[in-house]
Amino acid sequence: MSGNESITFEEESAQVSTQSSLTGRRLLAEVARRYYLRDEAKKDIAEAMGLSRFKVARLLTQARANGVVTITVEAVAPVIESLSTELSAHWRIPTTVVDSGAGREAEVRQAIGVAAAERLTNSLRDGDLVGLAWGRSLTAMA
């Protein structure tokens with residue numbers, strides 16, 4: 001997972017490694033913990049817990065359906081591709097990002113700051129020199 005993505009699990013106090021001692025939500029939590037947090041392959045989880053790969057897949061689906069696993073992706077305002085392309089062509093610069101501007105002023109400023117930080121992170125290389133002026137959007141970028 002990266003950036004703004006997060007996964008929440010219903011925590012259990014005891015972690016057990018065999019299927020025979022796990023039941024219900026504890027089994028769902030253990031399979032989900034191994035898959036999502038430890039990045040174990042379904043095949044490996046199945047072997048370690050005495051399950052089939054198909055059972056592991058069903059348990060992961062059930063864990064999400066029952067709320068044992070919740071996945072959240074932070075909403076980001078949509079980029080308007082046509083305006084971004086038009087602006088790049090007009091100013092003869094390789095890349096621009098035009099945000100939809102939806103939301104309150106502080107939210108828009110924050111979205112611009114996030115977009116600028118992502119753009120810089122993805123485009124800067126060792127030895128590049130960047131000059132920035134002071135501004136509220138740039139403060140949000142930092």
Side-chain angles (χ1 to χ4, degrees), residues 1-19 22-142:
M1 303 268 146
S2 65
N4 298 325
E5 301 171 356
S6 65
I7 298 177
T8 306
F9 293 96
E10 179 180 285
E11 288 300 323
E12 298 290 337
S13 58
Q15 290 190 8
V16 192
S17 62
T18 61
Q19 176 202 5
L22 296 173
T23 58
R25 292 176 74 82
R26 293 184 70 152
L27 176 61
L28 297 176
E30 180 62 18
V31 169
R33 193 176 287 109
R34 287 172 175 255
Y35 183 76
Y36 290 109
L37 297 180
R38 297 182 195 157
D39 289 327
E40 291 181 32
K42 291 175 190 171
K43 175 182 160 277
D44 296 336
I45 296 168
E47 287 175 11
M49 297 185 71
L51 303 167
S52 72
R53 286 181 296 131
F54 304 106
K55 176 71 172 179
V56 169
R58 284 193 302 273
L59 289 169
L60 289 169
T61 300
Q62 188 178 353
R64 288 185 62 196
N66 291 349
V68 173
V69 173
T70 58
I71 299 174
T72 304
V73 178
E74 185 178 318
V76 178
V79 172
I80 303 172
E81 295 296 335
S82 60
L83 288 178
S84 297
T85 303
E86 192 176 320
L87 187 62
S88 289
H90 177 78
W91 290 106
R92 296 185 177 125
I93 54 178
T95 306
T96 60
V97 177
V98 177
D99 186 89
S100 69
R104 295 177 306 189
E105 183 177 342
E107 292 169 336
V108 172
R109 188 173 294 114
Q110 183 65 30
I112 291 169
V114 168
E118 287 175 357
R119 183 61 62 186
L120 276 174
T121 300
N122 293 330
S123 63
L124 289 178
R125 304 289 176 251
D126 285 342
D128 284 354
L129 181 63
V130 177
L132 299 172
W134 178 88
R136 289 179 289 184
S137 296
L138 292 176
T139 300
M141 179 186 74

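Just so you know, these numbers use all the heavy atoms, side chains as well, and skip hydrogens, waters and symmetry mates. Numbering starts at 1 and runs along the sequence shown.
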*Asks:* How far does CG of Leu28 sit from CZ of Arg33, to the nearest 0.5 angstrom?
*Replies:*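 Those atoms lie 11.0 Å apart.
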
*Asks:* Atom CZ of Arg25 and atom CD of Gln62: how far apart are they, to the nearest 0.5 Å?
*Replies:*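 Arg25 CZ to Gln62 CD: 9.5 Å, rounded to 0.5 Å.
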
*Asks:* Flag the pair Val114 / Glu118 as yes when at least one side-chain heavy-atom distance between them is below 4.5 Å, and no otherwise.
*Replies:*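 With C-beta onward as the side chain, the pair touches.
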
*Asks:* Using modelled atom types and a 3.5 Å cut-off, is there a donor and acceptor pairing between side-chain atoms of Arg53 and backbone atoms of Glu47?
*Replies:*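 Between the backbone of Glu47 and the side chain of Arg53 there is no qualifying donor-acceptor contact (under 3.5 Å).
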
*Asks:* Asn66 side chain to Ala63 main-chain N or O, any donor-acceptor pair under 3.5 Å?
*Replies:*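 Side chain of Asn66 to backbone of Ala63: no pair is present.
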
*Asks:* So, for Ile45 and Val31, which heavy atoms are closest and what is the spacing to 0.1 Å?
*Replies:*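 Here Ile45 and Val31 meet closest at CD1-O, 4.0 Å.
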
*Asks:* How about Lys42 and Tyr35: do any of their side-chain heavy atoms sit closer than 4.5 Å?
*Replies:*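 Yes; the side chains approach each other to less than 4.5 Å.
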
*Asks:* Any idea which heavy atoms bring Ala32 and Leu60 closest together, and the distance?
*Replies:*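 Shortest heavy-atom contact: CA-CD2, 3.7 Å.
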
*Asks:* Look at Arg26 together with Glu30 and state whether they make a salt bridge at an N to O cut-off of under 4.0 Å.
*Replies:*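 Looking at Glu30 together with Arg26, the answer is no, because their closest N to O distance does not fall below 4.0 Å.
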
*Asks:* Between Arg136 and Glu105, is the side-chain contact (heavy atoms from CB on, under 4.5 Å) condition met? List the steps.
*Replies:* CA-CA 11 Å; Arg136 289 179 289 184; Glu105 183 177 342; 4.2 Å; yes

*Asks:* Roughly how far, to the nearest 0.5 Å, is the NE2 atom of His90 from the OG1 atom of Thr96?
*Replies:*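 The distance works out to 11.0 Å.
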
*Asks:* Distance from Ile80 atom CD1 to Leu87 atom CG, nearest 0.5 Å?
*Replies:*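 That separation rounds to 11.5 Å.
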
*Asks:* Should Met49 and Leu27 count as side-chain neighbours, where that means a heavy-atom distance under 4.5 Å?
*Replies:*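 Side chain of Met49 against side chain of Leu27, heavy atoms only: contact under 4.5 Å found.
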
